[in-house]
K.L.:
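Before I ask anything, here is the structure I am working with.
Please read all numbers here as calculations on a predicted model, not as lab measurements. Below, chains carry the letters A, B, ... as their sequence lines are ordered, and counting in each starts from 1. Heavy-atom basis, side chains included; hydrogens, waters and symmetry copies ignored.
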2 protein chains.
Amino acid sequence: MIAVLTSQRKQLILDVLRQTGKVVAKELSQELGLSEDTIRRDLRELASEGRLQRVHGGALPASPAMGDFASRLSVASEEKKRIGKAAAKLIQAGQVVILDGGTTAVQIARHLPRGLKATIVTHSPTIAVELVSHESVEVILIGGRLFKHSVVVVGAPAIESIAKIRADTYFVGVTGIHPQFGLTTGDFEEAHIKKALSASAAETVVLASPEKLNAVSPYVIEPLAEITGMIVVAETSEEMLAPYFDLGITITKASQES
Amino acid sequence: MIAVLTSQRKQLILDVLRQTGKVVAKELSQELGLSEDTIRRDLRELASEGRLQRVHGGALPASPAMGDFASRLSVASEEKKRIGKAAAKLIQAGQVVILDGGTTAVQIARHLPRGLKATIVTHSPTIAVELVSHESVEVILIGGRLFKHSVVVVGAPAIESIAKIRADTYFVGVTGIHPQFGLTTGDFEEAHIKKALSASAAETVVLASPEKLNAVSPYVIEPLAEITGMIVVAETSEEMLAPYFDLGITITKASQES
DNA sequence: CTTGCTATTGCATGAATATGCACAAATTGC
DNA sequence: GCAATTTGTGCATATTCATGCAATAGCAAG
């Protein structure tokens, strides 16, 4: 019998809640090998402390900030999680890595291996807050004006700060990847920031969820020639990937296994 | 009987705690061949020194950066909410305001009137994320290295960025306010950042929750002469406030009404 | 060497806490 | 509506906790 302290268990519940956006009493009781009563009691107590919101069958996040974030995560598609996990695996100890804003990048942060010593540079306060709970990574936050729609920092001061950084890898999230038009996104300022981040990293790896492939958005970030890698889901057809493969881009496939 | 000095044993407990993230009283007593009482006594003493956190069944680390911060957030006392609300009321349309990190500052962000057009400068990603949902305020985020314990940005680049800003008001959170020693806080780097922020603002207003008054922490931020205002709860006694009043500091009382 | 003091440890007791089970009430899905 | 699941409550049991007290060992002074 592995001793699991009560307060530790409560923290675990909150962690699961933060990471998945919800907890189900029955599932938890099975995973932890305890009776549902105990879990329910925990949930009740946590709820009375205002740390989560009790609902039938389990619980949901309480605070608006957490909730917003968690709900975005809960809608984070399975594809994004897999891509995030595959990206996290590419990061080596001691590297300096730039993480973009966006939901897929959050998944990378979530899946960074415990104990990995690395430096994460980001212009997303969401990512920064997310990484607070990761003991061993150093976080460098790019400053500037906050662009609320995407919750990332933009503007000239940000570009200036970025220019002073030389990173190993930049994981870029986009809204369109197209053989002819390259990487594109939906905001003018963000396009410039992404371009600057890419210029500051030795390698630029695109997080290519299926719906982004061969799509085009209004603002061009850079041509595919600047790209060194792509991460796609394993099911992506070979013919869809062929043009990128021909350009010498390293394609990583995110498989399904947990 | 192998002689194990008490202090040696305590160090061992802390080592185990650091390595495994938890200690269980029963397991320890078996491994060390001592009664559970002795172990519990040790745990109690270590807890009273703040070197670990006592829980039922054993102990957990004192301040896992994230857990600590999260719990501090959730225990936002009624006093802090009132002070936050009172501070928010002081902000005029069009002003440029610097918000510190910390729980009280989060309360200010939460209570900013809907529709208020202002610019908020902050070195706290938490505050930045909090203000995303506030349509009309502009957010400027100071960049730099993230200090996880307090979840704020610190370091030379941050100081440099701050120097380029001229704000109207800086709301500063501290851990000690004392007539003789001035403003103090618990971290060396944070003290410097707070000093820089204060220098960049025309007015510096201290968020003085009751437990901070006449308390002193290790690192000095600046003397009271640099302070222009204080926000305290209405119940604070006049004699406690007299020394600050005599220095010409504007004292705002946060009343109870919602 | 002995005496007295102190610190440490172990034990006993009552109190507090945690957990599981049973049963009635409430909620949900069909 | 009705059946199935989920919840809350009361209760029993097992740990775990805190306190007071006694035994032991170390130490210093006489």
K.L.:
Are A:Glu235 and A:Arg82 close enough for a salt bridge, meaning some N to O gap below 4.0 Å?
P.N.:
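Between A:Arg82 and A:Glu235 there is a salt bridge, with a charged N closer than 4.0 Å to a carboxylate O.
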
K.L.:
What is the distance, to the nearest angstrom, from the CG atom on A:Asp42 to the C1' atom on D:dG8?
P.N.:
15 Å

K.L.:
Can a donor-acceptor pair under 3.5 Å be found between the side-chain atoms of A:Arg41 and the base atoms of D:dG8?
P.N.:
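In this structure, the two groups form no donor-acceptor pair.
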
K.L.:
If we only count heavy atoms from C-beta on, is the A:Val152 to A:Glu190 side-chain gap below 4.5 Å?
P.N.:
yes

K.L.:
Quick one: do B:Glu238 and B:Lys253 make a salt bridge, cutoff under 4.0 Å?
P.N.:
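The answer is yes: the pair qualifies as a salt bridge.
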
K.L.:
Whole angstroms only, please: what is the CD-P distance between A:Glu27 and D:dT5?
P.N.:
15 Å

K.L.:
Is A:Arg44 close enough to D:dG8 that one of its side-chain N or O atoms is under 4.0 Å from OP1 or OP2 there?
P.N.:
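Answer is yes, contact under 4.0 Å.
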
K.L.:
Figure out the CD/P separation between A:Glu45 and C:dT17, and round it to whole Å.
P.N.:
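Taking atom P of C:dT17 as the reference, CD of A:Glu45 is at 10 Å.
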
K.L.:
Calculate the interatomic distance between A:Ile39 atom CD1 and D:dT7 atom C1'; express it in whole Å.
P.N.:
15 Å

K.L.:
Between B:Gly58 and A:Leu43, which has a closest nucleotide on DNA chain D that is more 5'?
P.N.:
A:Leu43

K.L.:
Contact class for A:Val24 (heavy atom, under 4.0 Å): base, sugar-phosphate, or nothing?
P.N.:
nothing

K.L.:
Taking side chain as C-beta onward, heavy atoms only, is B:Leu213 less than 4.5 Å from B:Met230?
P.N.:
yes

K.L.:
Are any of A:Arg9's side-chain N or O atoms less than 4.0 Å away from OP1 or OP2 of C:dT19?
P.N.:
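Affirmative; the distance criterion is met.
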
K.L.:
Using only side-chain N and O atoms of B:Thr38, determine if any of them is under 4.0 Å from OP1 or OP2 of C:dG10.
P.N.:
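So the side-chain polar atoms of B:Thr38 do come within 4.0 Å of the phosphate oxygens OP1 or OP2 of C:dG10, strictly under.
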
K.L.:
Any side-chain heavy-atom pair from B:Leu99 and B:Ser124 closer than 4.5 angstrom?
P.N.:
no

K.L.:
Are B:Ile39 and B:Glu31 packed together at the side-chain level, in the sense that at least one heavy-atom pair is separated by less than 4.5 angstrom?
P.N.:
no

K.L.:
With the sugar-phosphate defined as primed atoms, P, OP1 and OP2, and the base as all remaining atoms, what B/S/- string results for nucleotides 22-30 of chain C, 5' to 3', for protein heavy atoms under 4.0 Å?
P.N.:
B----SS--

K.L.:
If you measure from the Lys or Arg side-chain nitrogens to the Asp or Glu carboxylate oxygens, is any gap between B:Arg145 and B:Glu189 under 4.0 Å?
P.N.:
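Looking at B:Arg145 and B:Glu189, the cut-off is met.
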
K.L.:
Could you state the atom-to-atom distance from CD of B:Glu36 to C1' of C:dT8 in whole Å?
P.N.:
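One finds 18 Å between C1' of C:dT8 and CD of B:Glu36, rounded.
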
K.L.:
Rounded off to whole Å, could you give me the NZ-to-P distance for the B:Lys26 and C:dG10 pair?
P.N.:
16 Å

K.L.:
So does A:Arg40 get a side-chain nitrogen or oxygen closer than 4.0 Å to the phosphate oxygens (OP1/OP2) of C:dA18?
P.N.:
no

